[in-house]
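Written out below as structure tokens is the structure these notes cover.
Predicted, not measured: the structure shown is a model, and the values here were computed from it. Numbered from 1 within each chain, the chains take letters A, B, ... in sequence-line order.
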2 protein chains.
Amino acid sequence: MDGLTIQQAAQTTGWSPRMLRYVEDAGLIEPLRSAAGYRLYGPAELQRLRTLRALLAEFDIGLTDVGFAQRLRRDPALRTAVDHWFAAAPRRPENVPAADWLRWEQDKHQRLLNANAHLAPLDAHSTKPIKETA
Amino acid sequence: MDGLTIQQAAQTTGWSPRMLRYVEDAGLIEPLRSAAGYRLYGPAELQRLRTLRALLAEFDIGLTDVGFAQRLRRDPALRTAVDHWFAAAPRRPENVPAADWLRWEQDKHQRLLNANAHLAPLDAHSTKPIKETA
DNA sequence: AAAACCTTAGCACGAGCGTGTCAAGGTTGA
DNA sequence: TCAACCTTGACACGCTCGTGCTAAGGTTTT
């Protein structure tokens with residue numbers, strides 16, 4: 001067998017064997033298997049396990065968060081959908097592409113009339129409110 | 001007052017007033033407030049609330065996931081840390097830009113040192129561990 | 001001033017996360 | 001062969017997420 005067994009890997013990385021399996025279930029770090037099905041952790045996996053630990057600790061995030069980040073970069077549809085949602089964000093136009101910014105400016109008047117001045121660039125059609133409390 | 005109150009906004013967007021407050025707590029969509037502190041939802045917010053609903057439903061993700069995505073794009077340190085982690089992914093170098101892969105190999109040693117520095121007190125060079133089950 | 005809103009703060013509760021531990025059974029190596 | 005490891009599966013438990021509901025108290029509108 002070539003590589004560390006789960007218990008050995010646990011010792012060098014600081015994770016528990018249980019968590020190593022959990023991390024694998026989460027889709028992050030999946031070690032190779034021996035013929036008999038034993039998990040075999042190589043240097044690369046060990047390294048990744050350590051940095052993963054550091055990542056979680058340093059930013060106080062969860063495995064599921066990293067899992068989501070992974071999904072974000074594996075699923076283009078999700079990625080673009082999320083990007084799109086944030087693109088319409090009500091934040092300062094600093095990081096908004098020129099084209100969007102232009103549209104934002106164009107719609108400004110409309111938005112001001114409706115209400116929220118400095119908030120959000122998004123085609124606000126289909127916005128026929130119930131009874132604008134005016 | 002200019003804008004929809006929380007209940008009106010709830011009706012047009014399909015969220016409950018409770019959830020609208022929750023979404024606000026999550027840091028996504030924060031409506032303006034009236035002088036008395038009433039939440040005022042404008043067209044932009046309403047639109048964003050609707051698309052958010054669609055986003056969650058379509059990809060079966062949670063508010064916290066979107067919250068994390070937001071954190072990812074607001075916190076550059078987190079962003080690069082996560083990027084870095086995935087960049088070192090044990091995937092076939094197929095989908096890794098040649099340049100990055102090369103640099104990764106070059107930095108390997110340095111990364112190992114760094115990681116070991118602020119991590120598990122256990123010793124570490126992965127290539128000469130406890131007892132390679134060979 | 002009373003009805004109908006709004007605010008924050010809290011309890012409750014099922015579902016999922018992060019983790020340990022135990023059980024039943026296969027693998028490895030001395 | 002036998003101890004020591006591995007595998008999957010499951011129960012358990014505390015914590016957070018998503019959600020509703022109630023309470024105590026301001027605001028708006030009629």
Any N/O pairs under 3.5 Å between the protein and nucleotides 1-5 of chain D? List them or say none.
none

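What separates CG of B:L28 from P of D:dC17 is a distance of 13 Å, to the nearest Å. Between the P atom of D:dG18 and the CD atom of B:E24 lies a distance of 16 Å, rounded to the nearest Å. Between A:L63 atom CG and C:dT19 atom P there is a gap of 7 Å when expressed in whole angstrom units. Note: CZ (B:F68) to P (C:dC17) measures 15 Å, nearest angstrom. Rounded to whole Å, the distance from CG on B:L40 to P on C:dC5 is 16 Å. Put simply, CD on A:Q8 is 12 Å from C1' on C:dT28, counting in whole angstrom units. Atom-to-atom, CD of A:E30 to P of D:dT8 comes out at 12 Å; the value is rounded to the nearest Å. Between the CG atom of A:D65 and the P atom of D:dC15 there is a distance of 19 Å, given to the nearest Å.
In terms of the side-chain contact (heavy atoms from CB on, under 4.5 Å) criterion, residue partners of A:R79 (sequence neighbours excluded) are, by chain and number, A:D83. Here A:F59 pairs with A:L55, A:I61, B:R71, B:D75, B:A77, B:L78, B:A81 under the side-chain contact (heavy atoms from CB on, under 4.5 Å) rule; sequence neighbours left out. Checked against side chain to side chain donor-acceptor pair (under 3.5 Å), A:D25 has no partners two or more places apart in sequence or in another chain. Scored by the side-chain contact (heavy atoms from CB on, under 4.5 Å) test, B:T80 finds no partners at all (sequence neighbours excluded). In terms of the salt bridge (Lys or Arg N to Asp or Glu O under 4.0 Å) criterion, residue partners of A:R33 (sequence neighbours excluded) are, by chain and number, A:E24. The side-chain contact (heavy atoms from CB on, under 4.5 Å) test applied to A:A26 returns A:L28, not counting sequence neighbours.
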Validation: residues 13-21 of chain B side-chain donor-acceptor distances under 3.5 Å, sequence neighbours left out:
residue : atom : partner : partner atom : Å
B:T13   : OG1  : B:A9    : O            : 2.8
B:T13   : OG1  : B:W15   : N            : 3.4
B:W15   : NE1  : B:L49   : O            : 3.1
B:S16   : OG   : B:M19   : N            : 3.1

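Scanning both residues, A:L63 and A:Y22, for their nearest heavy atoms gives CD1-CD2, 3.4 Å. Of all non-hydrogen atoms in A:Y41 and A:I6, the two that sit nearest each other are CE1-CA, 3.9 Å.
Using a distance-only test at 3.5 Å, with no hydrogens or angles considered, a donor-acceptor pair links the side chain of A:Q8 to the main chain of A:T5. Proximity of a side-chain donor or acceptor of B:W85 to a complementary backbone N or O of A:R48 within less than 3.5 Å is detected.
The stretch residues 13-22 of chain B comes close to DNA chain D through B:S16, B:R18, B:M19, B:Y22, each having a heavy atom under 4.0 Å from the strand.
Contact between the side-chain N/O atoms of A:S34 and the OP1/OP2 oxygens of C:dT27 is not found at any separation under 4.0 Å.
The bend of the helix from C:dA1-D:dT30 to C:dA30-D:dT1, defined by the angle between the axes of its first five and last five pairs, stands at 20° to the nearest 10°.
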